[in-house]
2 protein chains.
Amino acid sequence: MGDHNTDTEAILRRALEASGQRFTEQRSAVFRFLRSTESHPTADEVFLRVRSDVPGISLATVYKSLETLVGCGLAAKLTYGDGSARYDGRTDDHHHVRCLECGSVVDLPGRVDAHEVHRLEASAEGFRVTGVRLELTGYCPGCDTPTSAAPA
Amino acid sequence: MGDHNTDTEAILRRALEASGQRFTEQRSAVFRFLRSTESHPTADEVFLRVRSDVPGISLATVYKSLETLVGCGLAAKLTYGDGSARYDGRTDDHHHVRCLECGSVVDLPGRVDAHEVHRLEASAEGFRVTGVRLELTGYCPGCDTPTSAAPA
DNA sequence: ATCCTTGCAAAGCATTTGCAGTCAC
DNA sequence: GTGACTGCAAATGCTTTGCAAGGAT
């Protein structure tokens, strides 16, 4: 059946090799953590967490590793207007809901209809469209309380 | 028929007054420029351009004015992972296409079907959804050349 | 007259970079 | 052995902030 950690490592090795880059403990730990969580962590959160696997790792290396993973197509970078970027270990096409209060980002199970996307693409005259990004915004269960951010 | 500049100024005055803020030449110039362009300028671009109307204006004031406009609902802030935020004077719900090469952002005429959005909202369990953001990415006519960013 | 805004300069923060030592291949 | 990677610290670039002077109501 294949060991999960072994698979993950093999995926990383293959992707790195394909672009002439080297497999390192640091990159591996960052990749493993990203794959293991659905929390869309910031670089700093990855740093804090990965320190338990690779004690001496530096924040700069975490940034570099994340950038490498994004470059290999093994992770995605999510940017909102709220301070730091977040990273997503899921590489399949999917959407997110984001809480405007606490900033948490959650995966959506559904996907926007491809026909709709094509229709919009057709109106993007002159552009060669290569991607779509869709994001819902609102308030998560924990933040949607009478005391915080009451509806208009 | 209504004078366009007068209308724009009245809109701003009303919105500012509603939130206890004051009408100033600087805010007016920033708002006027944002309304007059479809280029989704960065704060710095707004600054450079608005200097011809208000010679002594500072970059800090441009940032503050933009923030004020966003707060009043008279502008929107667009954030991508590429350096600086961009500002949009259109406040109606619409989508964008963004060039991955040069960073230009263009308005899309169409809108994603509301039923599709509701379907996705339904899958965002626990969240109270208040907004959608959809963005196409790709290469604009000027950047989509054989020499730059050849397809895979 | 009140107190919101401005402009300036300094601070803040996330991210990137230069470089010497180290490690993967 | 070679060239890529790491860790450190300094640098960068966008944005925000503190404060005194100026301006809107």
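Chain naming here is simple, since letters A, B, ... match the order of the sequence lines and numbering starts at 1 in each.
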(message) Suppose we screen for salt bridge (charged side-chain N to carboxylate O under 4.0 Å, His left out). Which residues come up paired with Glu25(B), at least two apart in sequence or across chains?
(response)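 So Glu25(B) forms no salt bridge (charged side-chain N to carboxylate O under 4.0 Å, His left out) with any residue.
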
Quick one: do [X] and [Y] end up in the same hydrophobic cluster if we chain Ile, Leu, Val, Met, Phe, Trp and Tyr together by side-chain heavy atoms under 4.5 Å apart?
X         : Y         : answer
Val117(A) : Leu120(B) : yes
Tyr139(A) : Val129(B) : no
Val106(B) : Val112(B) : yes
Leu134(B) : Leu108(A) : yes

(message) Rounded to whole Å, please give me the gap between CG in Leu16(B) and P in dC4(C).
(response)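 About 14 Å, once rounded to whole Å.
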
(request) Can you tell me the distance, in whole Å, between the CD atom of Glu45(A) and the C1' atom of dA14(C)? (result)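 Result: 13 Å.
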
(message) Do Thr137(A) and Glu135(A) have side chains that approach each other closer than 4.5 Å (heavy atoms only, starting at C-beta)?
(response)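 Sidechains of Glu135(A) and Thr137(A): in contact.
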
(message) A side-chain contact here means heavy atoms from C-beta on lying under 4.5 Å apart; do Ile57(B) and Phe47(B) qualify?
(response)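 In contact.
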
(message) Tell me which pairs pass salt bridge (charged side-chain N to carboxylate O under 4.0 Å, His left out) where either residue lies in residues 102-126 of chain A, with sequence neighbours left out.
(response)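 Salt bridge (charged side-chain N to carboxylate O under 4.0 Å, His left out) check on residues 102-126 of chain A returns Arg90(A)-Asp107(A), Glu116(A)-Arg119(A).
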
(request) Could you note down all residue pairs passing salt bridge (charged side-chain N to carboxylate O under 4.0 Å, His left out) where residues 42-61 of chain B supplies at least one of them, sequence neighbours left out? (result)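 Found Arg32(B)-Asp53(B).
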
(request) Could you list where the contact with chain B starts and ends along DNA chain D, reading 5' to 3', using a 4.0 Å heavy-atom cut-off? (result)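 It runs dC14(D) to dT25(D).
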
(message) What I want to find out is whether Arg13(B) reaches Glu9(B) closely enough, with some N-O distance under 4.0 Å, to be called a salt bridge.
(response)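 Salt bridge flag = yes for Glu9(B) with Arg13(B).
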
(message) With a 3.5 Å distance limit and no angle check, can you tell me whether Thr37(A) reaches the backbone of Leu34(A) through a side-chain donor-acceptor pair?
(response)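 Absent.
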
(request) Kindly write out the residues that satisfy side chain to side chain contact (heavy atoms under 4.5 Å, CB included) with Thr24(A), not counting sequence neighbours, or none if the list is empty. (result)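 Here the qualifying residues are Gln26(A), Arg27(A).
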
(request) Kindly state which residues belonging to residues 61-85 of chain B come within less than 4.0 angstrom of DNA chain D, counting heavy atoms of the residue only, listed by number. (result)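 Tyr63(B), Lys64(B), Gly83(B), Ser84(B), Ala85(B), in order of number.
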
(message) Can you list, in residue-number order, the parts of residues 26-39 of chain A that come under 4.0 Å of DNA chain D, counting heavy atoms only?
(response)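 Heavy-atom cutoff 4.0 Å gives Gln26(A), Arg27(A).
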
(request) Among residues two or more places apart or on two chains, list those pairs meeting ring-ring contact (aromatic ring centres under 6.0 Å, His included) that have a residue in residues 75-120 of chain B. (result)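 Every ring-ring contact (aromatic ring centres under 6.0 Å, His included) pair that includes a residue of residues 75-120 of chain B, provided the two are not neighbours, is His40(B)-His96(B), His94(B)-His96(B).
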
(message) Applying ring-ring contact (aromatic ring centres under 6.0 Å, His included) as the test, list every pair that has at least one member in residues 12-36 of chain A; sequence neighbours left out.
(response)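 Listed once each, the pairs would be none.
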
(message) Could you work out how much the helix from dA1(C)-dT25(D) to dC25(C)-dG1(D) bends, comparing the axis of its first five pairs with that of its last five, to 10°?
(response)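 Axis-to-axis angle, ends of the helix: 40°.
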
(request) Starting at the 5' end of nucleotides 20-25 of chain C, put B wherever the base has a protein heavy atom under 4.0 Å, S where only the sugar-phosphate does, and a dash everywhere else. (result) ----BS

Expected list for residues 59-75 of chain A: side-chain donor-acceptor pairs under 3.5 angstrom, two or more places apart:
from: Thr61(A); atom 1: OG1; to: Ser58(A); atom 2: OG; distance (Å): 3.1
from: Ser65(A); atom 1: OG; to: Thr61(A); atom 2: O; distance (Å): 2.9
from: Thr68(A); atom 1: OG1; to: Lys64(A); atom 2: O; distance (Å): 2.9

